[in-house]
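Everything below concerns the one structure shown next.
Reminder, nothing fancy here: chain letters follow the sequence lines and each chain counts from 1.
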Amino acid sequence: MFDIKAIRENPADFDALWAKRGLEPLSKTILDQDALIRKAQQVVQEAEAARNKASKLIGQAMAKGDKDEAERLKTEVAGAKNVITAMGAQVEGEKAQLHALLSSTPNIPFADVPEGEDEDGNIELHKFMEPTQLGFDPKDHADLGEALGMMDFETAAKMSGSRFVVLSGKLSRLDRALTAFMLDLQTEEHGYVEHNPPLLVWGKALEGTGQLPKFEEDLYKTTVDHYLIPTAEVSLTNIVRESIIDPDTLPRRMTAHTPCFRSEAGSAGRDTKGMIRQHQFNKVELVSITRPEDSEAEHKRMLGCAEEVLKRLKLPYRVVELCTGDLGFGARRTYDIEVWLPSQNTYREISSCSNCGDFQARRMNARYKHAEKDNRFVHTLNGSGLAVGRTLVAVLENYQNEDGSITVPEALLPYMGGVTVISA
RNA sequence: GGGCGGGUGGCAGAGUGGUUGAAUGCACCGGUCUUGAAAACCGGCAUAGGUGAAAGUCUAUCGGGGGUUCGAAUCCCUCCCCGCCCGCCA
């Protein structure tokens with residue numbers, strides 16, 4: 001959401017930044033609508049003032065027993081009420097229109113975000129390790145997992161359809177080890193506080209983080225108006241909704257390991273094989289709540305916290321900054337971490353860290369006490385630290401041996417109960 | 001799921017249809033007094049929006065939404081939350 005006053009003051013700036021994302025100029029439409037509302041609202045408020053004044057006089061007249069005067073005033077109020085009803089309905093309609101427009105409009109990027117139309121415009125910032133050299137033809141994770149007998153897509157399909165999997169045995173254990181490793185790293189070394197938040201949330205929580213109203217088709221909705229979270233970003237960020245935060249507690253860093261649910265509408269045919277794109281997957285999420293002036297530094301820090309997982313697992317990756325055309329709805333800047341997948345001979349996204357500025361904070365009315373009588377919107381950031389399923393994929397593919405067994409990364413050994421190699 | 005009782009300003013807590021945006025106390029801010037502090041006393045102290053150069057003024061807000069009424073914190077409907085009892089249940 002946006003500060004309508006800021007748009008009033010710098011409409012051209014907003015249009016220029018939206019243009020970088022490929023949007024048509026919007027400020028005129030927004031400001032015209034805003035002016036329309038204020039004009040109509042003024043009429044309503046004047047009528048309300050007249051009504052309030054006359055009503056008080058009626059009370060006084062009644063107290064004095066002057067019924068004639070009271071009756072006369074009542075007709076006066078009736079006139080005002082007609083205006084209030086008619087114009088009030090119009091104002092509400094116009095406001096709803098403006099709200100619909102504003103809540104469906106994406107955030108503005110920071111001025112220095114690289115311009116580009118799509119992911120081809122993303123900028124590589126740095127790399128870790130060289131792509132894995134196996135010395136034999138790499139298998140993909142699905143073939144490896146199925147051969148091990150611990151990754152079963154067919155059985156999952158019988159009960160749930162495509163894009164689901166049953167992990168079992170050592171691979172299930174590996175998944176749990178990765179989760180525990182990530183949580184321990186983020187909580188014990190990076191200062192994130194572990195949470196177990198709700199997985200079912202109301203629409204207003206999703207409006208707060210920006211998934212609604214625009215991306216409803218990507219979500220699973222229950223029969224009782226709850227939605228399954230598509231990421232723990234929703235639950236963790238909404239922890240500060242409708243609150244005024246003590247600035248001494250900032251930055252507030254939170255993490256959670258949760259399943260994430262995505263309908264993947266519109267991605268038919270993409271990544272249909274394996275665990276890359278599932279309807280349900282586990283993720284360790286990082287969320288930071290900061291003062292506005294601290295968010296950019298916190299963003300870089302968060303990126304480092306996510307990168308550290310891959311460094312310790314010794315998995316090759318690169319970091320890219322998303323260009324304006326590839327930026328998500330709520331983000332002002334996003335860094336993606338892409339891990340090397342030998343079977344695809346390319347880097348694939350495994351984490352996405354975004355600074356949302358005050359975009360989400362405005363939507364959920366999350367503020368901090370900047371000074372006496374001066375509450376300001378916080379900045380919110382989120383990032384994966386990391387997507388567990390995709391990390392499992394990366395471990396399988398990068399640590400595979402020619403015989404189809406998987407060497408357990410050193411960092412995970414404390415979590416694997418003595419297992420050093422996963423084999424059939 | 002059923003029944004009952006609640007939800008009022010930073011906190012506590014009055015207020016069941018008429019100058020109540022809301023008594024009172026605490027907390028907080030300014031002042032008087034004091035060598036200083038405390039106490040006492042005096043004054044101030046919600047949020048959002050419109051309008052205005054400003055002072056100001058207008059509107060909305062007593063959990064959310066809707067309704068009744070000339071007028072709603074107060075009455076009605078509905079949803080949410082909290083407490084207690086009953087039922088069900090991992």
Could you pull out the protein-nucleic contacts involving nucleotides 68-73 of chain B (nitrogen or oxygen on both sides, under 3.5 Å)?
from: B:C70; atom 1: O2'; to: A:Ser55; atom 2: OG; distance (Å): 3.1
from: B:G71; atom 1: OP1; to: A:Lys81; atom 2: NZ; distance (Å): 3.1
from: B:G71; atom 1: O4'; to: A:Ser55; atom 2: OG; distance (Å): 3.3

Which pairs, protein N/O on one side and nucleotides 51-54 of chain B N/O on the other, fall under 3.5 Å?
from: B:U51; atom 1: OP1; to: A:Arg38; atom 2: NH1; distance (Å): 3.0

Practice prompt. Dot-bracket notation for RNA chain B is requested: 5' to 3', Watson-Crick or G-U wobble pairs only, both distances under 3.5 Å, with ( ), [ ], | and . as defined.
Written response: ((((((((.[[[..)..(.....]]].(((((.......))))).((((((....)))))).[[[[[..)....]]]]])))))))....
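With sequence neighbours left out, A:His299 forms a ring pair (Phe, Tyr, Trp, His ring centres under 6.0 Å) with A:Tyr335. Among residues two or more places apart in sequence or in another chain, the side chain to side chain donor-acceptor pair (under 3.5 Å) test is passed with A:Asp294 by none. Partners of A:Glu194 by side chain to side chain donor-acceptor pair (under 3.5 Å), not counting sequence neighbours: none found. For A:Pro409, the side-chain contact (heavy atoms from CB on, under 4.5 Å) test picks out A:Leu313, A:Val395, A:Tyr399, A:Leu412, with sequence neighbours left out. Listed by chain and number, the residues in a ring pair (Phe, Tyr, Trp, His ring centres under 6.0 Å) with A:Tyr317 are A:Phe128 (sequence neighbours excluded). Applying the side chain to side chain donor-acceptor pair (under 3.5 Å) rule to A:Asp184 yields the partners A:Tyr415; only residues at least two apart in sequence or on another chain are considered. Under the ring pair (Phe, Tyr, Trp, His ring centres under 6.0 Å) criterion, A:Phe164 pairs with A:His279, not counting sequence neighbours. Residues meeting the side chain to side chain donor-acceptor pair (under 3.5 Å) test with A:Glu76, sequence neighbours left out: A:Arg72.
Distance, A:Glu46 CD to B:G50 C1': 10 Å, rounded to whole Å. The separation between A:Asn375 atom CG and B:U47 atom P is 8 Å, rounded to whole Å.
Of the residues in residues 86-105 of chain A, not one comes within less than 4.0 Å of RNA chain B through any heavy atom.
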